[in-house]
Amino acid sequence: WKMCVRRGYVLSLEAAVGGRGTSTSYIADQGYRGGIFDQVISFTVIAQDVSDSRTATALSGTTVTISYVSGISVGDYVVVIQDLGLNQVSAIGKVASVGALTLTVDSWANAGSAPVIDGSSDYVYPLSGATVAIGELSPSSFRTAIVAFDVSVDSANGYTIQMADDGNFRSGLSDINDVTDGAVTEGVEEYGVKSSDTSLASTTFDTSDTAVTTTFQDVVTVGFLSMNSRSFVTIKATIASGSTSGTYAHALSFIASGNY
(Lines give C-alpha, C1' and ligand atoms only; values in the text may rest on other atoms or scores of the structure.)
Protein backbone atom coordinates (compact mmCIF):
# COMPACT_ATOMS: atom_id res chain seq x y z
CA TRP A 1 0.00 0.00 0.00
CA LYS A 2 1.67 3.15 -1.16
CA MET A 3 0.87 6.81 -1.46
CA CYS A 4 2.92 9.23 -3.48
CA VAL A 5 3.27 12.90 -2.50
CA ARG A 6 4.19 15.49 -5.08
CA ARG A 7 5.62 18.91 -4.28
CA GLY A 8 4.02 22.12 -5.50
CA TYR A 9 6.15 25.22 -5.84
CA VAL A 10 5.72 28.91 -6.52
CA LEU A 11 8.58 30.51 -8.45
CA SER A 12 11.16 32.21 -6.25
CA LEU A 13 14.28 34.23 -6.97
CA GLU A 14 17.17 34.62 -4.55
CA ALA A 15 20.38 36.65 -4.72
CA ALA A 16 23.68 34.97 -3.90
CA VAL A 17 24.57 35.53 -0.23
CA GLY A 18 27.58 34.96 1.97
CA GLY A 19 25.56 33.71 4.95
CA ARG A 20 22.06 33.56 6.36
CA GLY A 21 20.29 33.71 9.71
CA THR A 22 16.59 32.93 10.06
CA SER A 23 13.80 33.13 12.61
CA THR A 24 10.01 33.03 12.54
CA SER A 25 9.85 36.73 11.71
CA TYR A 26 12.96 37.50 9.67
CA ILE A 27 15.68 36.33 7.29
CA ALA A 28 19.01 38.18 7.62
CA ASP A 29 21.57 37.85 4.82
CA GLN A 30 25.14 38.99 4.55
CA GLY A 31 27.29 39.47 1.47
CA TYR A 32 26.45 40.92 -1.93
CA ARG A 33 23.03 42.66 -1.87
CA GLY A 34 22.69 41.40 1.68
CA GLY A 35 20.07 44.00 2.56
CA ILE A 36 17.77 43.12 -0.35
CA PHE A 37 15.22 40.33 -0.05
CA ASP A 38 14.57 39.15 -3.61
CA GLN A 39 12.85 35.91 -2.72
CA VAL A 40 9.07 35.89 -3.14
CA ILE A 41 8.27 32.59 -1.44
CA SER A 42 10.12 29.51 -0.23
CA PHE A 43 8.08 26.31 0.13
CA THR A 44 9.39 23.01 1.49
CA VAL A 45 7.24 19.85 1.52
CA ILE A 46 8.47 16.84 3.51
CA ALA A 47 6.78 13.53 4.24
CA GLN A 48 6.97 11.20 7.25
CA ASP A 49 9.19 8.14 6.93
CA VAL A 50 6.68 5.78 8.53
CA SER A 51 9.15 2.88 8.41
CA ASP A 52 11.60 4.65 10.75
CA SER A 53 9.92 4.91 14.16
CA ARG A 54 11.82 5.74 17.35
CA THR A 55 10.12 5.34 20.73
CA ALA A 56 9.73 8.68 22.50
CA THR A 57 9.95 8.52 26.28
CA ALA A 58 10.00 12.17 27.39
CA LEU A 59 9.40 15.66 26.06
CA SER A 60 10.56 18.79 27.87
CA GLY A 61 10.32 22.08 26.03
CA THR A 62 12.02 21.66 22.68
CA THR A 63 13.92 18.49 23.68
CA VAL A 64 12.57 14.98 23.13
CA THR A 65 14.19 11.79 24.45
CA ILE A 66 14.06 8.85 22.05
CA SER A 67 15.30 5.25 21.79
CA TYR A 68 18.09 6.05 19.31
CA VAL A 69 19.26 9.08 17.30
CA SER A 70 21.34 7.54 14.51
CA GLY A 71 20.32 8.71 11.06
CA ILE A 72 19.05 12.09 12.29
CA SER A 73 21.25 15.17 11.94
CA VAL A 74 21.11 18.88 12.69
CA GLY A 75 18.90 20.55 10.08
CA ASP A 76 16.62 17.54 9.63
CA TYR A 77 12.90 17.76 10.29
CA VAL A 78 11.12 15.40 12.69
CA VAL A 79 7.61 14.75 13.97
CA VAL A 80 6.85 13.70 17.55
CA ILE A 81 3.56 11.82 17.99
CA GLN A 82 1.61 11.19 21.19
CA ASP A 83 -0.63 8.08 21.15
CA LEU A 84 -0.06 6.98 17.55
CA GLY A 85 -3.48 6.48 16.02
CA LEU A 86 -6.40 8.08 14.27
CA ASN A 87 -6.64 10.71 17.03
CA GLN A 88 -2.92 11.19 17.59
CA VAL A 89 -1.41 14.49 18.77
CA SER A 90 1.57 15.60 16.70
CA ALA A 91 4.18 18.36 16.50
CA ILE A 92 6.92 19.02 13.96
CA GLY A 93 10.28 20.74 14.35
CA LYS A 94 13.71 21.25 12.79
CA VAL A 95 16.61 19.63 14.64
CA ALA A 96 18.96 22.16 16.24
CA SER A 97 21.14 19.71 18.20
CA VAL A 98 21.54 15.97 18.71
CA GLY A 99 22.49 14.36 22.02
CA ALA A 100 23.19 10.78 23.04
CA LEU A 101 19.47 9.96 23.18
CA THR A 102 17.91 13.38 22.69
CA LEU A 103 16.86 15.68 19.89
CA THR A 104 16.44 19.41 20.45
CA VAL A 105 14.49 21.34 17.82
CA ASP A 106 14.34 25.07 17.17
CA SER A 107 10.60 25.09 17.93
CA TRP A 108 7.55 22.84 17.76
CA ALA A 109 4.55 23.47 15.50
CA ASN A 110 1.40 21.61 16.50
CA ALA A 111 -2.35 21.59 15.80
CA GLY A 112 -3.29 23.65 18.82
CA SER A 113 -2.41 21.00 21.43
CA ALA A 114 1.13 20.01 22.38
CA PRO A 115 1.97 16.29 22.65
CA VAL A 116 2.37 14.87 26.14
CA ILE A 117 4.96 12.09 25.99
CA ASP A 118 5.09 9.23 28.50
CA GLY A 119 6.54 6.41 26.37
CA SER A 120 3.23 4.65 25.74
CA SER A 121 2.52 4.58 21.98
CA ASP A 122 4.63 7.72 21.56
CA TYR A 123 7.12 7.99 18.69
CA VAL A 124 9.44 10.24 16.74
CA TYR A 125 9.78 9.89 12.96
CA PRO A 126 12.07 11.65 10.49
CA LEU A 127 10.42 13.87 7.90
CA SER A 128 12.18 13.47 4.58
CA GLY A 129 11.48 12.89 0.92
CA ALA A 130 8.31 13.22 -1.13
CA THR A 131 6.88 9.68 -1.03
CA VAL A 132 4.99 7.93 1.77
CA ALA A 133 4.73 4.14 1.88
CA ILE A 134 2.06 3.81 4.55
CA GLY A 135 2.29 0.03 4.93
CA GLU A 136 -0.26 -2.75 4.96
CA LEU A 137 -3.85 -2.04 5.89
CA SER A 138 -6.32 -4.46 7.46
CA PRO A 139 -9.78 -3.96 9.02
CA SER A 140 -8.07 -3.84 12.42
CA SER A 141 -4.98 -1.90 11.32
CA PHE A 142 -5.31 1.78 10.42
CA ARG A 143 -2.53 3.87 8.89
CA THR A 144 -1.60 7.54 9.28
CA ALA A 145 1.11 9.71 7.74
CA ILE A 146 2.26 13.30 8.18
CA VAL A 147 3.10 15.67 5.33
CA ALA A 148 4.77 18.81 6.68
CA PHE A 149 5.38 22.29 5.26
CA ASP A 150 7.94 25.03 5.91
CA VAL A 151 7.10 28.37 4.30
CA SER A 152 8.78 31.77 4.16
CA VAL A 153 6.92 34.47 2.23
CA ASP A 154 7.57 38.15 1.53
CA SER A 155 3.93 39.15 1.87
CA ALA A 156 2.41 41.23 4.65
CA ASN A 157 -0.82 39.24 4.23
CA GLY A 158 0.81 35.83 4.60
CA TYR A 159 0.17 32.79 2.43
CA THR A 160 -2.18 29.91 1.63
CA ILE A 161 -1.36 26.24 1.02
CA GLN A 162 -3.78 24.28 -1.15
CA MET A 163 -4.03 20.54 -1.71
CA ALA A 164 -5.48 18.31 -4.45
CA ASP A 165 -5.12 14.73 -5.65
CA ASP A 166 -5.16 12.96 -9.01
CA GLY A 167 -8.10 10.76 -8.00
CA ASN A 168 -8.98 8.44 -5.14
CA PHE A 169 -6.47 6.20 -3.34
CA ARG A 170 -6.72 3.32 -5.79
CA SER A 171 -5.54 0.00 -7.21
CA GLY A 172 -6.74 -0.62 -10.75
CA LEU A 173 -10.52 -0.18 -10.77
CA SER A 174 -10.77 -0.42 -6.96
CA ASP A 175 -10.39 2.52 -4.62
CA ILE A 176 -10.71 3.48 -0.97
CA ASN A 177 -13.83 5.54 -0.30
CA ASP A 178 -13.39 9.18 0.64
CA VAL A 179 -14.47 9.97 4.19
CA THR A 180 -17.94 11.53 4.27
CA ASP A 181 -18.86 11.68 7.96
CA GLY A 182 -15.98 13.80 9.26
CA ALA A 183 -14.04 10.98 10.96
CA VAL A 184 -11.96 8.17 9.47
CA THR A 185 -12.94 5.10 11.54
CA GLU A 186 -11.11 1.82 12.01
CA GLY A 187 -12.91 -1.09 10.33
CA VAL A 188 -14.66 1.20 7.83
CA GLU A 189 -13.26 1.82 4.35
CA GLU A 190 -12.32 5.50 4.48
CA TYR A 191 -9.58 7.92 3.46
CA GLY A 192 -9.27 11.50 4.65
CA VAL A 193 -6.97 14.31 5.72
CA LYS A 194 -6.92 16.73 8.67
CA SER A 195 -4.87 19.92 8.91
CA SER A 196 -2.87 21.36 11.79
CA ASP A 197 -4.42 24.74 10.94
CA THR A 198 -7.33 25.21 13.34
CA SER A 199 -8.90 28.30 11.76
CA LEU A 200 -9.68 27.59 8.11
CA ALA A 201 -12.57 29.60 6.69
CA SER A 202 -13.21 27.92 3.34
CA THR A 203 -12.81 24.19 4.11
CA THR A 204 -13.34 21.70 6.94
CA PHE A 205 -9.80 20.30 7.10
CA ASP A 206 -9.30 22.21 10.36
CA THR A 207 -12.18 20.59 12.27
CA SER A 208 -12.71 17.14 10.76
CA ASP A 209 -11.24 14.44 8.54
CA THR A 210 -12.03 15.68 5.05
CA ALA A 211 -11.98 14.19 1.55
CA VAL A 212 -9.27 15.30 -0.87
CA THR A 213 -10.53 16.11 -4.36
CA THR A 214 -9.04 16.87 -7.75
CA THR A 215 -9.89 20.54 -7.12
CA PHE A 216 -7.39 22.44 -4.99
CA GLN A 217 -8.69 23.22 -1.50
CA ASP A 218 -7.20 25.32 1.31
CA VAL A 219 -5.44 23.29 4.00
CA VAL A 220 -3.36 26.07 5.63
CA THR A 221 -3.83 29.83 5.73
CA VAL A 222 -1.59 32.37 7.48
CA GLY A 223 -2.59 36.03 7.43
CA PHE A 224 0.70 37.75 8.23
CA LEU A 225 4.30 37.92 7.02
CA SER A 226 5.95 34.64 7.97
CA MET A 227 9.47 33.26 7.92
CA ASN A 228 10.02 29.55 8.53
CA SER A 229 6.32 29.07 9.25
CA ARG A 230 5.54 25.37 9.74
CA SER A 231 2.36 23.33 9.55
CA PHE A 232 1.25 19.87 8.47
CA VAL A 233 -1.58 17.61 7.38
CA THR A 234 -2.32 14.13 8.73
CA ILE A 235 -3.39 11.53 6.18
CA LYS A 236 -5.58 8.71 7.49
CA ALA A 237 -6.59 5.44 5.81
CA THR A 238 -8.68 2.47 6.94
CA ILE A 239 -10.35 -0.47 5.19
CA ALA A 240 -13.26 -2.82 5.81
CA SER A 241 -13.42 -6.61 5.64
CA GLY A 242 -14.84 -6.41 2.11
CA SER A 243 -12.20 -4.05 0.72
CA THR A 244 -10.36 -5.34 -2.35
CA SER A 245 -6.73 -6.42 -1.88
CA GLY A 246 -4.13 -4.64 -3.96
CA THR A 247 -1.35 -2.07 -4.08
CA TYR A 248 -3.02 1.31 -3.71
CA ALA A 249 -1.52 4.67 -4.64
CA HIS A 250 -2.30 8.19 -5.72
CA ALA A 251 -0.54 11.54 -6.03
CA LEU A 252 -1.11 14.54 -3.81
CA SER A 253 -0.16 18.02 -4.99
CA PHE A 254 0.46 21.08 -2.80
CA ILE A 255 0.66 24.70 -3.89
CA ALA A 256 1.78 27.62 -1.70
CA SER A 257 0.91 31.15 -2.77
CA GLY A 258 1.20 34.56 -1.18
CA ASN A 259 -1.92 36.43 -0.09
CA TYR A 260 -1.86 39.76 -1.92
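Here the structure is a predicted model, which means the values were calculated and not measured.
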Suppose the criterion is salt bridge (Lys or Arg N to Asp or Glu O under 4.0 Å): which pairs have a residue in residues 208-218, not counting sequence neighbours?
D209-K236
Which residues pass the side chain to side chain contact (heavy atoms under 4.5 Å, CB included) test with N110, sequence neighbours left out?
A91, A114
Going by atom types only, do E189 and N177 share a side-chain donor-acceptor pair under 3.5 Å?
yes
In terms of side-chain geometry, is the basic nitrogen of D106 or R230 positioned less than 4.0 Å from the acidic oxygen of its partner?
yes
I235, N168, D165 screened by side-chain contact (heavy atoms from CB on, under 4.5 Å) with Y191, the one that passes
I235
Would you say the side chains of T210 and T204 form a donor-acceptor pair under 3.5 Å?
yes
Would you please name every residue forming a side chain to side chain contact (heavy atoms under 4.5 Å, CB included) with S97, sequence neighbours left out?
T104
Sequence-distant partners of D118, salt bridge (charged side-chain N to carboxylate O under 4.0 Å, His left out), two or more places apart:
none
Just checking, is any N or O donor in the side chain of D122 or S120 under 3.5 Å from an acceptor N or O on the other one?
no
Short side-chain donor-acceptor distance under 3.5 Å, N157 and Y260
no
For L86, the hydrophobic cluster (side chain heavy atoms closer than 4.5 Å, chained through members) also holds F142, V179, V184
To which residues is V78 joined in a hydrophobic cluster, defined by side-chain heavy-atom contacts under 4.5 Å among Ile, Leu, Val, Met, Phe, Trp and Tyr, whether direct or through other members?
L59, V64, I66, V69, I72, V74, V80, V95, V98, L103, V105, W108, I117, V124
Main-chain N/O of F232 paired with S196 side-chain donor or acceptor, under 3.5 Å:
yes
